[in-house]
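Here the structure comes first, spelled out in structure tokens, and everything after it is commentary.
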Amino acid sequence: MPQTKSIDELRSRLVEIAHLNSAVAVLGWDQEVHMPKKGSDKRAETLAHLSGIIHHKFVSLDSDGLLSDFKKQLDSNELNEEDRVVVAETWRSFQRMKKLPESFVRELSEIASKAQTVWAEARQKSDFSLFEPWLEKIIDLKKREAKYVGYKHSPYDALIDAYEPGMTAKEAERILTDLKNSLVPLLEKIKKSKVKIKPEKLKGNFPISKQFEFNKYIAEKMGYDLDAGRLDISTHPFNTSFNPHDVRSTTRYDEKNVLYALGSTIHETGHALYEQGMSAEHFGTPLSESVSLGIHESQSRMWENMIGKSREFWQYFLPKLSKEFPKPFAKISPDEFYAIINRVNPSFIRTEADEVTYNLHIIVRFEIERDLVEGKLAVKDVPKVWNKKMKDYFGLAVPNDTKGCLQDVHWSMGGLGYFPTYSFGNLYAAQFFHQLEKEMPDVRKRIAKGDLLPIRHWLKDKIHIHGKKYTAGALVQEVTGEALNSKYFSNYLEKKYTEIYELKKD
Ligand code: ZN
């Protein structure tokens, strides 16, 4: 008689892999926050070595038929709800990983790590030619990855699916084009508005140590548990997690502009809350993993924009800010402050973009990376095409590659297919926030009192705690009773900016 294997055996193998992934995440965090420059070559080798081990362990999950056995039980409806998720999601990742040869995974990890170092230098020197051969290598590797994984229509489908399961190049194009069609006319109206906003009024001198305290204070008000997380400094703000009890966020400071760090801190804390909100009990299994990058981003965007750039939020926090930094904030009215932090200003840098132009930045990147992967665009032509799109969509002439195609780290890391998830995050966020307002009619009043924890709890119960129980599409349906609909985001922007810029209503 064949022995029935226990699901605990599968879980414990997954947990073992998760511990290794945690170690990789610690090294990745250290690389960005503490590692000395000369450490980069050996660190790349260490990470490549560990990636190879993890990959090997993952594809060995089925060496004795363990995973296939559970897949059969899944297909014949023999598993309980939790085990269904564990098996279905593990099977999905397994299918993808199994197709990638171990040597390929090591090569990609090593090249990406080195390319990142070269990219940083190229960006600093504003010299695309330094990065060009490395981007060639990355694109070549990603094309190979798509071939290994397989796809129906576009190799880009195989890449975007890694970040937003189920998404395709075609569907992404449809969503982003819809967005473009509502954003461009709104931007045109804003450009013609007579309302002039003066952001320089918020400039001042803000010692970083004092800023740090204020950023920490806001993060804690949002519900970030600093006994289970940290807030550090890195060139590019990011969030990573080793487990729900040890989450890391970073931000960056500008001594002249206190809002520079605050925006990043609120954003990354939104991510961190998602990570802390997941089940520690199910650590290592898909029940304690985020749904998709788009859903992850929805958590940061809702906090950063819908809450952190609302009137109500600053009704509470502006007096606190002006107590810490009376110059200049004591003399700024709440209305003026609100207008300045929401000012629409078409600019070169994605991470500094306002809510209206942000998605246009994403569209530029999406179109370029898709064309690179589909072989319709040569790497050497990236700067030229980038600059043309910036001219066409924003009316801006890019002065150099640092402010152009070298500004983002993603391509150097091999993260092709990643950018569109930022826009999906905006759309999910608006739809979730709309639902939150429906279920918690006094939510704005609570925000105005600095009472943010009910929001944190709502998000945890509705989204974080489920891990991968639902796909992104099913989660949106479950939480809001409706499939993803871009009208919530368009309506949100329309309403907010019609008021700020005193636009005529159509
Ligand atoms: Zn983010």
Side-chain angles (χ1 to χ4, degrees), residues 25 28-29 32-33 116 160 162-165 167 172 175-176 179 215 218-219 222-224 229-242 247-252 259-278 289-309 349-366 369 407-433 455-456 459-460 463-464 472 475-476 484 489:
W29 172 81
E32 297 300 314
V33 176
Q116 225 174 308
I160 195 171
Y163 304 112
E164 203 64 19
M167 186 55 69
I175 294 171
L176 295 174
L179 261 183
N215 278 267
I218 297 250
M222 290 165 64
Y224 189 27
R230 287 183 57 89
L231 181 61
D232 291 278
I233 298 176
S234 67
T235 316
H236 301 278
F238 70 98
N239 172 259
T240 186
S241 166
F242 313 148
V247 174
R248 306 299 170 95
S249 285
T250 68
T251 193
R252 56 182 170 186
L259 294 164
Y260 185 69
L262 274 172
S264 299
T265 299
I266 296 173
H267 179 99
E268 300 305 335
T269 302
H271 283 305
L273 292 177
Y274 191 1
E275 294 294 338
Q276 287 189 340
M278 279 190 252
E289 285 167 10
S290 65
V291 177
S292 70
L293 282 190
I295 295 294
H296 221 309
E297 193 65 8
S298 75
Q299 301 307 290
S300 55
R301 295 286 156 158
M302 188 195 283
W303 280 105
E304 181 191 1
N305 294 327
M306 276 133 219
I307 300 165
K309 286 184 183 160
I349 307 294
R350 173 185 65 85
T351 54
E352 293 165 15
D354 55 81
E355 286 182 271
V356 176
T357 56
Y358 187 88
N359 296 291
L360 293 173
H361 287 276
I362 296 303
I363 290 165
V364 169
R365 288 150 182 76
F366 163 69
E369 64 179 25
Q407 66 183 273
D408 286 306
V409 69
H410 304 59
W411 290 340
S412 73
M413 295 163 67
L416 285 101
Y418 193 120
F419 281 119
T421 67
Y422 290 126
S423 287
F424 305 150
N426 287 324
L427 302 183
Y428 292 131
Q431 193 162 335
F432 288 143
F433 193 73
I455 302 175
R456 192 251 179 288
L459 292 170
K460 180 173 177 172
I463 297 165
H464 308 169
L475 180 72
V476 175
L484 178 64
F489 183 64

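In this chain, residues are counted from 1 in sequence order. Atoms within a ligand are numbered from 1 in the order they appear, just like the ligands themselves.
Seen from the ring of Y358, R301 counts as a face-on cation partner, given the 6.0 Å and 45° thresholds. By the 6.0 Å and 45° rule, R230 does not stack over the aromatic ring of Y224.
The main-chain N or O of R248 is found under 3.5 Å from a side-chain atom of N239 such that the two form a donor-acceptor pair.
Close placement of the Y422 and H410 rings is indicated, their centers lying within 6.0 Å of each other.
Between R365 and D408, at least one side-chain nitrogen of the basic residue sits less than 4.0 Å from a carboxylate oxygen of the acidic one, meeting the salt-bridge criterion.
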Pair Y418-Y163, ring pair (Phe, Tyr, Trp, His ring centres under 6.0 Å): steps then yes or no: CA-CA 6 Å; Y418 193 120; Y163 304 112; 5.2 Å; yes
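Listing protein N, O or S atoms at distances below 2.8 Å from the Zn ion (ligand 1), with waters left out, gives H267 NE2, H271 NE2, E297 OE1.
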